[in-house]
Amino acid sequence: MSSVEKRTTRTTTEQTSFGTSSSSSSSSSSGSRSSVNISSATVAKLAFFTVAMIVFPIATYFLTVDRYFEGNATYAGISAAVMANVVLIAYVAAAVMEDSQAGPAPVSVKKQQ
Amino acid sequence: MSSLVPTEFCPVYSPFFGVMGATSAIVFCCFGAAYGTAKAGVGLTSMGVLRPDLIIKGIVPIIMAGIIGIYGLVVSVLIGNGVQQQMSLYSGFIQLGAGLSVGLAGMAAGFAVGIVGDAGVRASAQQPRLFTGMILVLIFAEVLALYGLIVALILNTKASTSTC
């Protein structure tokens, strides 16, 4: 019985310690550097590129193998590889554009540290 | 229903080599993509602790490692479409060679992408002008897997031109 009570108290203390540590880390992160909240636009962009990287090349292969290349699988495979690289270039362009919109790097943070 | 009679040129065991080609394409490319993702991900998480604003840019090596897996998937789909119950041993050997070429080339490219991605994201956090240099080196590493894919595609076209 006492062991059960000890276990419950230990779990509650663990929960409170998690609560305090998370709140303290979030306060420290928001206090000492810029906001690190991931906007929903970023998450949506990441999700789009993840799905696109998986779906676009294989869809391109299956769509073009019969419709455009009359069963010639080599050209369809080449178009799938091209589509995979197009998704990669689009991601790099989106990342660089987002980085240029966000502004220069916060060098002052390092100096404060 | 026509009976399938094994001949000298189309023995019973020839689909084994074709299926092994399809397997080795995806398995070895996934080895390379997994190592590239893991190593670059370690660098990204280490860098992201102090520079969370560079996380989105730092995912680029991981995307490139994923594309190596896509190359393996495309070749194994290609080879899998060409495997039949009665196919010539010649076709089976060609499909095995195609699968191995993209698989081992993808494994090599994945190793390169992982190591360069790890060092590159860590260094570009301190020196932003290194980002374009990292991208260039990653492109050269990725192209190795593309060479394997091209060889696999060229080989695979010859697999369909055979008679029993």
Side-chain angles (χ1 to χ4, degrees), chain A residues 25 29 32-39 41-43 45-46 49-50 52-62 65-66 71-107 109-110 113, chain B residues 25 33 48-82 98 102 113 124-129 131-132 134-136 138-139 142-143 145-150 152-160:
Chain A
S25 66
S29 68
S32 66
R33 51 184 70 91
S34 58
S35 161
V36 297
N37 297 326
I38 301 180
S39 62
T42 308
V43 171
K45 203 188 300 187
L46 276 176
F49 277 111
T50 303
M53 194 173 73
I54 299 169
V55 167
F56 281 10
I58 285 293
T60 307
Y61 171 79
F62 281 115
V65 73
D66 284 327
N72 190 348
T74 303
Y75 294 150
I78 290 174
S79 70
V82 166
M83 182 56 72
N85 284 306
V86 162
V87 171
L88 166 72
I89 293 171
Y91 181 83
V92 172
V96 169
M97 265 180 15
E98 176 181 347
D99 188 57
S100 66
Q101 273 177 7
V107 184
V109 175
K110 280 184 86 174
Q113 291 175 355
Chain B
V49 172
L50 288 179
R51 293 293 303 273
D53 51 318
L54 289 181
I55 288 178
I56 298 296
K57 276 175 78 169
I59 293 183
V60 171
I62 296 168
I63 301 257
M64 287 187 153
I67 285 181
I68 293 174
I70 300 283
Y71 289 164
L73 176 68
V74 165
V75 170
S76 65
V77 164
L78 234 64
I79 293 176
N81 281 339
V102 72
V113 163
S124 68
Q126 297 178 10
Q127 175 60 267
R129 291 169 61 180
F131 183 72
T132 49
M134 177 187 82
I135 295 289
L136 277 174
L138 282 174
I139 288 175
E142 175 93 16
V143 155
L146 191 67
Y147 295 157
L149 173 77
I150 290 173
L153 291 178
I154 291 176
L155 282 176
N156 200 37
T157 54
K158 304 176 72 67
S160 54

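In what follows, every chain begins at residue 1, and chains take the letters A, B, ... in the order their sequences are listed.
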Taking side chain as C-beta onward, heavy atoms only, is B/Asn156 less than 4.5 Å from A/Thr74?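 The answer is no, as the side chains (C-beta and beyond) never meet within the 4.5 Å cut-off.
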
Would you mind reporting whether A/Tyr61 and B/Leu73 have side-chain heavy atoms less than 4.5 Å apart? no

Say whether, by atom type as modelled, one donor and one acceptor occur between the side chain of A/Asp66 and the main chain of A/Phe62 under 3.5 angstrom. no

Which region of [X], side chain (C-beta onward) or backbone (N, CA, C, O), has a non-hydrogen atom less than 4.5 Å from a non-hydrogen atom of chain A, or is it both or neither?
X: B/Ile56; value: both
X: B/Leu149; value: side chain
X: B/Leu54; value: side chain

Shortest non-hydrogen contact from A/Ala81 toward B/Leu146: CB-CD1, 4.5 Å

At their closest point, which heavy atom of A/Ser79 faces which heavy atom of A/Ala76, and how far apart are they? OG-O, 2.7 Å

Below 4.5 Å from any heavy atom of chain B, which atoms of [X] appear? Answer side chain, backbone, both or neither.
X: A/Leu88; value: both
X: A/Tyr75; value: neither
X: A/Ile78; value: both

Picking from B/Val74, B/Leu153, B/Ile70, which has the most non-hydrogen pairs under 4.5 angstrom with chain A?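 Looking at each of B/Val74, B/Leu153, B/Ile70 in turn, B/Leu153 comes out on top.
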
What distance separates B/Lys57 NZ from B/Ile59 CD1, expressed to the nearest 0.5 Å?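 The CD1 atom of B/Ile59 is 13.0 Å from NZ of B/Lys57, to the nearest 0.5 Å.
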
